[in-house]
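Computation of the quantities below employed the complete heavy-atom set of this structure, encompassing side-chain atoms and omitting hydrogens, waters and symmetry-equivalent molecules. To find a chain, count down the sequence lines: A is the first, B the second, and so on, and within it residues start at 1.
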2 protein chains.
Amino acid sequence: MPAQPSHTPTPATPDPGPEALRADARENRERILRAAREAYALHGIDVPISAIARRAGVGVATLYRRFPTRTSLITEAFTEQLTECAGALDEALEDPDPWRGFCTVVRKVCAMQAADRGFTHAFLARFPGDTAYAGELDRAEEGLALLVRRAKEAGALRPDFDVSDVVLALLANNGVAKGAGPESAAASRRLVGYLLESFRAGPATGPLPPPAELELDRLGGTG
Amino acid sequence: MPAQPSHTPTPATPDPGPEALRADARENRERILRAAREAYALHGIDVPISAIARRAGVGVATLYRRFPTRTSLITEAFTEQLTECAGALDEALEDPDPWRGFCTVVRKVCAMQAADRGFTHAFLARFPGDTAYAGELDRAEEGLALLVRRAKEAGALRPDFDVSDVVLALLANNGVAKGAGPESAAASRRLVGYLLESFRAGPATGPLPPPAELELDRLGGTG
DNA sequence: CGGTAAACGGACGATCCCTTCCACTTAGCC
DNA sequence: GGCTAAGTGGAAGGGATCGTCCGTTTACCG
């Protein structure tokens, strides 16, 4: 990355932010994001950039100037949904019944996975150098750990449940939800039903294989 | 496909079969299959043909003459494992305890998924016009249905279990097993532990979301 | 041992995708 | 209204993979 001309008004920020854009550019930026969300939801994050540009009715160059890298577009496109996830977690933490909160958040995130083919990929993929994601993820993991602890203390979640089992559930659900149609949504619901049932503390739970050391990053990489 | 010369000894079979090959060609064919299995296990079925050829120590043309299409190579490479699956199912059917048989076959196939990155893809992907697969699949589904019925009658498998839930489990497991390392094998084992527990007939099982109309084909397509 | 056809390998054209470049257009300010 | 810089679209460069072609090599048979 070459040095900027010596005295631009914004020396350290290559991205002036969406508000500083010219009106038409801001409009196009929104169109691109909308198109990207639609395309990702329908076809996963593997859709060519050119397809997104075409769907947005702009040229490829326009897209690239606004989102210099592929990942920056993906990141931006899914920020909304990530926020929604974080909100779901916050709501769950406010529920007086921690088990109900736990179920709700798991159901919600899994339903989002099933509804949007690209979501999990964006959710699980580690974007190098992307600090916004990292912060959210850390916060989410903290909140999740708290929720799990409370649900266990309430005697509703089985004691040998591990926080990483949430990731396990998300990955499993992702495997089911990848198919496009409405039946994959149904399949996802049924899987979550099974899983939540086995997560619940019960009388006759036998020993379980040990939890894998799953992290929210490190996963969803190459598959 | 143009007509053959009028009177070849094998008029209807474009593939003379591995035995009729020249010695060096047969040797190379085996090398290619071995290389393909290794590569698929390590990196999934997305590895370039050229990489497999290189690994096998042959040129690309050699590979293409033996396996005219990408899928023909994949099909051939995974036949062995499919046979193993069928064998596992047969064994399970001979087990006097249908529940134990059921658990064993689920664990086995899921472990194979976790051990071999390409396996599920080859297992679930529908290859148009591939009759060998179709026959095996039909047989497998029959056997599975029988096993499930027996396990239910024995009172070990919950009554609202559906045969398609096996596919559900495989897809879920696939989502977990996609990561390469040993921890994905551990994750797979743990998931299967959870799932089998929730599949087991128990006292306090609440209502479950309805089964999706999952078929062994139609899935694993585009994701 | 020599001939022939099968088999071989590397190079090649086609296709797809990402990314950059450049000449033209247009919004926003004076 | 006109100037300027931001913005735009399409074309072109670069990389990867698929599948084919063709001149060369080699196994097998007589």
Side-chain angles (χ1 to χ4, degrees), chain A residues 1-2 4-5 7-10 13-33 35-36 39-40 43-75 77 118 125 127-128 222, chain B residues 1-2 4-5 7-10 13-33 35-36 39-40 43-74 118 127 222:
Chain A
M1 195 182 295
Q4 309 265 350
H7 50 299
T8 46
T10 58
T13 40
D15 178 13
E19 298 81 6
L21 291 176
R22 225 169 67 177
D24 55 345
R26 193 164 55 244
E27 159 90 9
N28 275 340
R29 187 178 189 279
E30 279 313 308
R31 296 233 301 241
I32 290 169
L33 279 178
Y40 290 154
H43 311 294
I45 54 171
D46 283 340
V47 283
I49 293 282
S50 57
I52 296 177
R54 208 177 318 124
R55 181 186 279 257
V58 304
V60 199
T62 303
L63 197 157
Y64 268 102
R65 185 168 328 93
R66 220 45 74 206
F67 305 97
T69 80
R70 178 186 198 71
T71 49
S72 68
L73 173 59
I74 297 176
T75 306
F127 297 127
T222 6
Chain B
M1 195 181 295
Q4 307 266 348
H7 50 301
T8 45
T10 58
T13 41
D15 179 11
E19 298 82 7
L21 292 175
R22 223 170 67 178
D24 54 344
R26 193 164 54 244
E27 159 88 9
N28 275 340
R29 188 177 188 278
E30 278 312 308
R31 295 233 301 241
I32 290 169
L33 280 177
Y40 290 155
H43 311 294
I45 56 170
D46 283 338
V47 284
I49 294 281
S50 57
I52 296 178
R54 208 177 317 123
R55 183 186 278 259
V58 304
V60 197
T62 301
L63 197 157
Y64 270 104
R65 186 167 332 93
R66 218 46 73 207
F67 305 97
T69 81
R70 177 186 200 70
T71 48
S72 67
L73 174 60
I74 297 176
F127 297 126
T222 5

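Side-chain atoms of A/Ala23 lie closest to C/dG28 of the nucleotides C/dG28, C/dC18, D/dG7. Looking at the side chain of A/Ala61, the nearest of the listed nucleotides D/dC18, D/dG10, C/dT19 is D/dG10. In this structure, the nucleotide among C/dA7, D/dG9, D/dT17 sitting nearest to the side chain of A/Thr62 is D/dG9. Counting only heavy atoms from C-beta on, B/Pro48 has its side chain closest to D/dT17 among D/dT17, C/dA27, C/dC17. Ranking D/dG7, C/dC18, C/dA7 by closeness to the A/Ile49 side chain, first place goes to C/dC18. Which of D/dC18, D/dG7, C/dA6 sits closest to the side chain of B/Arg22 comes down to C/dA6. Of the candidate nucleotides D/dG7, D/dC18, C/dA7, D/dC18 has the atom lying nearest to any side-chain atom of B/Tyr64.
The distance between atom CZ of A/Arg31 and atom P of D/dG7, rounded to the nearest whole Å, is 16 Å. B/Asp46 has its CG atom 9 Å from the P atom of D/dC18, to the nearest Å. Per the geometry, CZ belonging to A/Arg66 stands 16 Å off C1' belonging to C/dT19, to the nearest Å. Rounded to an integer number of Å, the gap from CD1 of B/Ile45 to P of D/dT17 is 15 Å. Rounded to whole Å, the distance from CZ on B/Arg29 to C1' on C/dG9 is 20 Å. Atom CD1 of B/Ile52 and atom P of D/dG19 are 12 Å apart (whole Å). Atom CZ in B/Arg54 sits about 11 Å away from atom P in D/dA16, given to the nearest Å. The CZ-C1' distance, from A/Phe67 to C/dT20, rounds to 18 Å in whole Å.
Nearest-nucleotide mapping onto DNA chain D: of B/Ser50 and B/Asp24, the residue sitting toward the 5' end is B/Ser50. Comparing A/Thr69 and B/Gly59 against DNA chain C, the residue whose closest nucleotide sits nearer the 5' end is B/Gly59.
For the pair A/Glu30 and A/Arg26, the salt-bridge criterion is not met [side-chain N within less than 4.0 Å of a carboxylate O].
A/Arg54 contributes atom CZ, which lies 12.0 Å from atom CG of A/Leu63 (distance to the nearest 0.5 angstrom). Atom CD1 of residue B/Ile32 and atom OH of residue B/Tyr64 lie 11.5 Å apart, to the nearest 0.5 angstrom.
At a threshold of 4.5 Å between non-hydrogen side-chain atoms, the residues B/Ile52 and B/Arg55 do not count as touching. Contact of the B/Ile49 side chain with the B/Phe67 side chain is not registered, since no non-hydrogen atoms from C-beta on lie closer than 4.5 Å. Annotation: side chain of A/Leu21 is in contact with side chain of A/Arg29 (closest heavy-atom distance under 4.5 Å).
At the phosphate of D/dG7, neither OP1 nor OP2 sits under 4.0 Å from any side-chain N or O atom of A/Asn28. A/Arg26 has no side-chain polar atom (N or O) that falls below the 4.0 Å cut-off from OP1 or OP2 of C/dA27.
Note on A/Val60: a base of the nucleic acid sits closer than 4.0 angstrom, heavy atoms only. Within 4.0 Å of B/Arg70, counting heavy atoms only, lie sugar-phosphate atoms of the nucleic acid but no base atom.
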